[in-house]
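The structure under discussion appears below in the form of structure tokens.
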Amino acid sequence: METFELARLNLTSPMVLGFALGIVAALVKSDLKLPEALHAGLSVYLLLAIGIKGGVELGKAPLAEISAPLLVTLGIGLASPIWCYAALRGLGRFSAVDAAAIAAHYGSVSVVTFTACGTFLDAVGVAYEGFMSALVAFLEVPAIVVAIFLARRSTPSTTRWNETLREVVFGKSNLLLLGGVAIGALAGPAAEQVKPFFVDPFRGALTLFLIDMGVIAARRLGDLRTSGVRLVAFALGAPLVNGAIGAWAGELAGLSVGGTTVFATMVASASYIAAPVAVRIALPEANPALYLTSSLAVTFPFNLIVGIPIYHAIARWLHA
Amino acid sequence: METFELARLNLTSPMVLGFALGIVAALVKSDLKLPEALHAGLSVYLLLAIGIKGGVELGKAPLAEISAPLLVTLGIGLASPIWCYAALRGLGRFSAVDAAAIAAHYGSVSVVTFTACGTFLDAVGVAYEGFMSALVAFLEVPAIVVAIFLARRSTPSTTRWNETLREVVFGKSNLLLLGGVAIGALAGPAAEQVKPFFVDPFRGALTLFLIDMGVIAARRLGDLRTSGVRLVAFALGAPLVNGAIGAWAGELAGLSVGGTTVFATMVASASYIAAPVAVRIALPEANPALYLTSSLAVTFPFNLIVGIPIYHAIARWLHA
Amino acid sequence: METFELARLNLTSPMVLGFALGIVAALVKSDLKLPEALHAGLSVYLLLAIGIKGGVELGKAPLAEISAPLLVTLGIGLASPIWCYAALRGLGRFSAVDAAAIAAHYGSVSVVTFTACGTFLDAVGVAYEGFMSALVAFLEVPAIVVAIFLARRSTPSTTRWNETLREVVFGKSNLLLLGGVAIGALAGPAAEQVKPFFVDPFRGALTLFLIDMGVIAARRLGDLRTSGVRLVAFALGAPLVNGAIGAWAGELAGLSVGGTTVFATMVASASYIAAPVAVRIALPEANPALYLTSSLAVTFPFNLIVGIPIYHAIARWLHA
Amino acid sequence: MRSPAGSTPDPVQTVVLKRVTIVAEAVLEQRLIALIRDCGAKGWTLLDCRGEGSRGVRASEWEGANVKLETLVASAVADTILARLVRDYFEHFAVVAYVQDVRVVRGDKYI
Amino acid sequence: MRSPAGSTPDPVQTVVLKRVTIVAEAVLEQRLIALIRDCGAKGWTLLDCRGEGSRGVRASEWEGANVKLETLVASAVADTILARLVRDYFEHFAVVAYVQDVRVVRGDKYI
Amino acid sequence: MRSPAGSTPDPVQTVVLKRVTIVAEAVLEQRLIALIRDCGAKGWTLLDCRGEGSRGVRASEWEGANVKLETLVASAVADTILARLVRDYFEHFAVVAYVQDVRVVRGDKYI
Ligand SMILES: Nc1ncnc2c1ncn2[C@@H]1O[C@H](COP(=O)(O)O)[C@@H](O)[C@H]1O
Ligand SMILES: Nc1ncnc2c1ncn2[C@@H]1O[C@H](COP(=O)(O)O)[C@@H](O)[C@H]1O
Ligand SMILES: Nc1ncnc2c1ncn2[C@@H]1O[C@H](COP(=O)(O)O)[C@@H](O)[C@H]1O
Ligand code: NA
Ligand code: NA
Ligand code: NA
């Protein structure tokens with residue numbers, strides 16, 4: 001299919017349209033917003049569903065097949081925050097702690113962006129390795145820890161490391177992802193029983209969630225005025241660079257075109273669930289407006305709307 | 001099928017039985033009640049699901065086919081609050097502002113009543129135009145604006161019109177309906193992806209929601225004692241009159257028997273989601289006990305239990 | 001299938017794995033926990049779904065077939081709190097009011113344990129009478145009333161009986177169960193309409209709910225240290241004894257192997273939804289730590305993990 | 001600072017009343033509302049909350065944790081409420097109650 | 001008792017301010033926030049709640065019941081807020097408002 | 001007015017304590033509870049809320065907005081809590097704290 005046609009398909013998917021509805025709602029100052037509890041509940045559902053899906057596939061996949069992707073995932077999880085940090089310090093001229101805080105987000109992964117990529121590929125009929133969602137669980141944490149270390153290497157004493165580690169490893173989102181993977185892997189075929197709840201309605205639930213994400217993202221748009229061009233430039237450039245690197249690495253790791261697309265999207269995406277909480281605690285002096293606005297209000301919509309088709313085009317080009 | 005048989009089928013539908021359960025729960029002073037957040041979440045789900053369903057069909061339907069029903073919808077949206085107002089002033093002898101407030105509710109539409117009608121027709125195997133739910137979005141707003149104008153025509157200055165318009169047009173319920181229509185229309189076949197979430201479980205979710213509606217309606221029954229016979233008379237008479245007019249108009253607009261039934265139900269129903277909020281703000285001196293009790297505690301149950309089969313009978317008679 | 005194999009199947013079911021995830025989350029002090037409103041919403045959903053399922057089957061079943069199981073259910077509902085009370089007084093040396101409070105929980109039934117048993121049997125492909133879930137509704141209440149009477153027989157005056165009865169009979173959980181049964185029985189085939197909401201996603205929803213139950217149960221584990229061996233001994237012994245009696249009674253009542261398993265599980269299980277609320281009000285001087293810890297932190301996990309396969313083994317042995 | 005809409009409104013007449021706050025396990029919600037009405041309270045505001053104190057246990061997880069009930073009343077009514085609370089609930093239930101003076105707008109309607 | 005981490009910190013300087021509490025039907029949420037900001041409040045805290053008073057009715061069940069809006073302000077601002085409330089909302093809406101003195105840490109930043 | 005059930009109960013003995021209220025971003029919930037316990041608080045009540053102040057930003061939307069933590073303590077404990085708050089959280093976090101006198105029923109058990 002033509003890249004342009006793919007972009008169109010992506011833009012008219014219910015998920016992206018839902019996100020757009022949320023943005024519109026926020027811009028017209030509507031009172032449309034999911035109840036707090038429903039938003040949290042949907043997050044739990046999405047994370048768990050992704051984990052279970054990945055776990056079932058992980059259980060099937062031969063170790064040989066997944067070892068390379070797993071290593072590459074961990075490698076990028078450790079390396080990407082470093083190059084993001086360097087760019088933010090050098091080009092962006094951000095303070096060490098702000099640079100590290102932002103790097104933690106861009107080194108980690110956005111589960112919703114990952115999911116949107118999966119539904120995009122399903123819609124356009126491109127297959128991808130089922131165990132990819134298990135990789136998400138392994139990409140989420142390392143970058144956050146590395147980035148915090150970068151900020152604290154001068155004064156490591158001041159950080160309560162074990163507390164920080166607990167925060168990220170046992171935090172809601174990571175525990176649900178890993179827990180889901182474990183459930184899926186252990187239950188194996190028995191996981192079929194929960195398919196009508198965790199698989200079939202998944203995209204609809206994601207659409208509902210994305211409406212709320214649109215509202216949240218749009219409410220942050222205001223901060224853009226104050227946040228400066230350098231932040232916006234990074235928030236648009238980083239996903240493209242990281243996406244390209246991710247695509248290249250995924251192809252090296254022997255992933256299919258679909259898998260490469262997903263992996264590129266993972267690397268290109270910026271966390272806004274696990275990272276913000278951990279960073280807020282570990283680097284309290286960092287300015288949340290910077291890392292939340294860039295990841296939530298710029299990079300997330302960018303990936304959702306134009307990034308994913310671009311990474312897919314790169315993946316197809318690499319496999320051509 | 002016999003009208004009586006249809007009524008029986010309606011009464012033993014899970015939705016109506018769920019509504020009855022809610023009423024019983026409230027009457028025996030049970031603590032049964034959905035959590036606030038779940039009630040709000042279900043409302044969002046129902047509104048969005050209806051919108052999407054209507055949007056998909058709207059996308060398919062030739063403009064020629066829908067233009068007549070659309071015009072009739074807008075026409076009745078503008079006219080019905082006027083005749084309701086006249087009746088409430090003349091026969092009901094309500095104050096101008098109370099009459100206008102009540103008229104806003106009866107001129108607008110109850111999304112849940114509309115939905116119950118759809119499930120009723122599905123159950124009895126009568127087809128109806130799929131784009132009907134798109135019409136709901138266009139019937140909801142005009143009546144509210146007209147009614148508020150009726151109350152304020154003497155003192156238009158005191159109303160902040162743009163604020164009032166924002167309130168109704170960008171209010172949760174209208175935005176979700178219109179947004180859903182847009183999503184459905186733009187996504188077209190791609191909307192299939194979210195069917196297992198927005199279509200298949202729809203009636204079950206509605207049943208759960210109706211249990212809560214039963215509790216809420218029953219809790220208002222107490223107000224009936226104080227609200228007087230004239231209000232109750234209107235709350236029972238208006239749906240019958242409006243339903244008959246709606247059936248006649250729907251038949252004129254070239255709708256099928258099913259479509260005519262749905263349209264009659266729309267016109268017969270009284271809003272209790274969009275209207276109350278807008279009216280509370282625009283006509284604060286109106287007594288909420290009057291418009292909430294009549295629409296929620298009398299007209300809604302009446303339509304749900306006996307109204308819908310009656311409107312269907314009228315529709316069949318008109319098409320005979 | 002081998003009992004051991006069945007136990008393995010049970011342990012690797014998504015539901016039990018979900019429960020384990022919740023326990024782990026609580027033990028590592030994770031912030032993983034469902035929002036209050038979602039937990040309450042899932043409870044409503046599960047109770048209603050069970051009731052409807054049972055009601056539909058009840059409507060089909062010939063009175064002859066269900067009268068015996070119904071009588072046995074009521075009989076055990078009245079008798080089991082008495083023998084539990086005696087054991088708690090005699091062997092456990094608990095105060096009269098504490099013994100009665102605990103007996104109320106073990107005489108009543110845990111809906112979630114019942115449900116887990118059903119999903120276990122479905123998974124291992126053993127059929128059971130569909131009307132079992134209707135019996136749950138009849139087993140829940142009597143034991144609570146009997147137990148409260150045991151505590152108050154000396155000073156009956158001090159209890160407001162009608163209030164206590166209202167509390168249990170019209171309490172959320174009982175009303176939803178009975179209401180669901182009524183809806184299912186009256187709707188009959190029409191209940192098919194809500195199957196995609198109440199039946200298909202049921203096990204997945206249960207898995208999500210059990211994660212939260214795991215968190216809640218694990219948080220109570222701390223109380224075990226203070227609660228003493230005699231309580232733990234009872235919490236482990238009672239389900240085995242009651243389960244055996246239940247299996248024997250179920251077999252007498254002419255239930256199938258599957259039905260006997262379910263019935264044994266019902267009798268073996270301890271309530272932690274209906275009973276605690278009623279007991280807290282009717283027997284305020286009883287120590288909640290005792291009845292909540294035993295039923296929630298010991299007996300519930302015990303039944304879920306090892307109890308159910310054991311009761312199934314007993315049932316098969318009785319039918320051999 | 002002042003509203004563009006409005007000329008300065010005149011000062012508001014207020015009345016000093018007692019605000020009684022009761023924090024208790026959620027299972028008591030209906031009973032506590034009945035109690036304060038019974039003692040003469042004209043209204044109340046209730047908030048869901050969670051907490052810990054000398055007794056850690058709640059009647060049921062599904063009932064939610066605690067509720068915080070606030071009522072604006074005359075001094076005499078406040079005393080009756082506290083006395084009734086102590087008599088009926090303090091012994092066996094998880095309850096905390098305290099009183100503050102508050103200056104209430106149009107306070108007369110709550111007496 | 002003291003934190004293992006910490007040596008005794010020095011006493012904290014506080015400022016006495018007014019805490020204005022407004023309980024009203026949820027439909028007024030945005031308007032009340034605008035009102036207090038407009039009167040000079042530098043911040044606010046809002047809680048969802050339910051309640052009963054002289055008027056029993058809410059604008060819509062789906063809007064939720066009531067909201068409780070609290071703001072820490074200087075005495076003059078408090079008076080303006082109350083006056084505006086009485087003028088704009090007391091007649092037709094379900095609203096309750098009251099004021100208390102509170103000792104606020106670093107209170108100067110709220111004036 | 002009086003309960004049908006009850007003869008007039010005797011007046012209740014109360015103790016004047018400090019009520020410390022802390023409003024902060026939800027991510028601090030567990031830490032703030034630990035802090036007040038550590039300073040000697042015997043109990044606490046926590047409410048979910050949202051709000052705005054000098055800093056507008058929250059750590060994560062999914063974490064919910066703010067929490068309001070209230071604790072009834074002796075005057076000395078109140079001072080320690082405020083001092084610890086200022087030292088550990090006021091610089092970098094969105095936190096507001098204030099103190100009021102309250103008359104607590106059976107207040108001795110909170111000291
Ligand atoms: N010192 C305190 N400060 C604030 N709230 C408290 C305090 N002690 C108890 N509470 C609240 O009152 C409830 C019951 O307390 P208790 O009866 O001590 O278990 C607790 O769950 C808390 O919500
Ligand atoms: N005496 C009172 N004490 C506490 N809250 C009150 C009182 N009266 C009214 N309220 C609250 O204010 C809201 C509106 O009161 P009203 O305007 O009297 O209907 C009620 O829903 C309660 O939440
Ligand atoms: N003047 C105020 N009145 C009431 N609450 C406030 C005020 N200022 C701040 N808050 C609350 O404290 C939180 C943190 O405030 P800040 O640290 O100023 O961002 C806000 O989100 C509000 O919930
Ligand atoms: Na990334
Ligand atoms: Na209408
Ligand atoms: Na039992």
Side-chain angles (χ1 to χ4, degrees), chain A residues 5-6 8-42 45-46 49 115-116 118-125 195-212 214-215, chain B residues 34-49 51-53 55-56 59 162-163 165-202 204-205 273-274 277-278 280-281:
Chain A
E5 170 62 6
L6 290 172
R8 199 194 56 71
L9 269 176
N10 184 53
L11 285 176
T12 59
S13 75
M15 297 89 204
V16 173
L17 290 169
F19 185 74
L21 172 58
I23 290 179
V24 171
L27 294 182
V28 299
K29 304 217 173 325
S30 164
D31 58 343
L32 172 55
K33 177 101 187 65
L34 291 187
E36 193 72 45
L38 195 66
H39 183 93
L42 278 170
Y45 169 84
L46 295 173
T115 317
T119 45
F120 166 75
L121 292 175
D122 297 338
V124 303
K195 193 169 161 303
F197 182 78
F198 285 115
V199 178
D200 304 342
F202 185 84
R203 290 172 195 161
L206 180 61
T207 304
L208 195 57
F209 189 75
L210 279 171
I211 293 177
D212 216 41
V215 173
Chain B
L34 290 187
E36 194 72 46
L38 194 67
H39 183 92
L42 278 170
S43 308
V44 171
Y45 169 84
L46 296 173
L47 289 162
L48 198 62
I52 292 177
K53 188 160 174 299
V56 173
N162 52 1
E163 199 181 310
L165 279 174
R166 251 189 71 290
E167 199 75 38
V168 280
V169 177
F170 297 147
K172 268 200 208 80
S173 69
N174 194 53
L175 207 62
L176 282 165
L177 276 174
L178 287 176
V181 169
I183 292 177
L186 292 170
E192 269 301 307
Q193 300 176 49
V194 295
K195 196 170 159 302
F197 182 78
F198 285 115
V199 178
D200 304 343
F202 185 83
I273 292 182
V277 180
R280 188 75 184 108
I281 295 301

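Any value given below was found using the heavy atoms of this structure, including those in side chains, with hydrogens, waters and symmetry copies removed. All values reported here derive from a predicted model rather than from experimental measurement. In what follows, chains are A, B, ... by sequence order, proteins preceding strands, each numbered from 1.
- Distance CG/Leu32(A) to NZ/Lys172(B): 8.0 Å, rounded to 0.5 Å.
- Proximity to chain A is limited to the side chain of Leu48(B), based on heavy atoms less than 4.5 angstrom apart.
- Contact annotation for residues 192-200 of chain B against chain A (heavy-atom separation below 4.5 Å, listed by residue number): Gln193(B), Val194(B), Pro196(B), Phe197(B), Phe198(B).
- Looking at Ser30(A), its side chain does come within 3.5 Å of a backbone N or O of Phe170(B) through a donor-acceptor pair.
- Shown are Leu38(A), Ile211(A), Leu208(A); of these, the side-chain contact (heavy atoms from CB on, under 4.5 Å) with Val44(B) is made only by Leu208(A).
- Residue Pro35(A) touches chain B through its side chain alone, counting heavy-atom pairs closer than 4.5 Å.
- Contact detail for Pro14(A) and Ala191(B): the closest heavy-atom pair is CG-CA, 4.0 Å.
- Rounding to the nearest 0.5 Å gives a distance of 6.5 Å between CG of Leu176(B) and CG of Leu21(A).
- The nearest pair of heavy atoms linking Leu17(A) to Ala187(B) is CD1-N, 3.8 Å.
- Each ring-ring contact (aromatic ring centres under 6.0 Å, His included) pair with one or both residues in residues 18-37 of chain A, not counting sequence neighbours, appears once here: Phe19(A)-Phe300(A).
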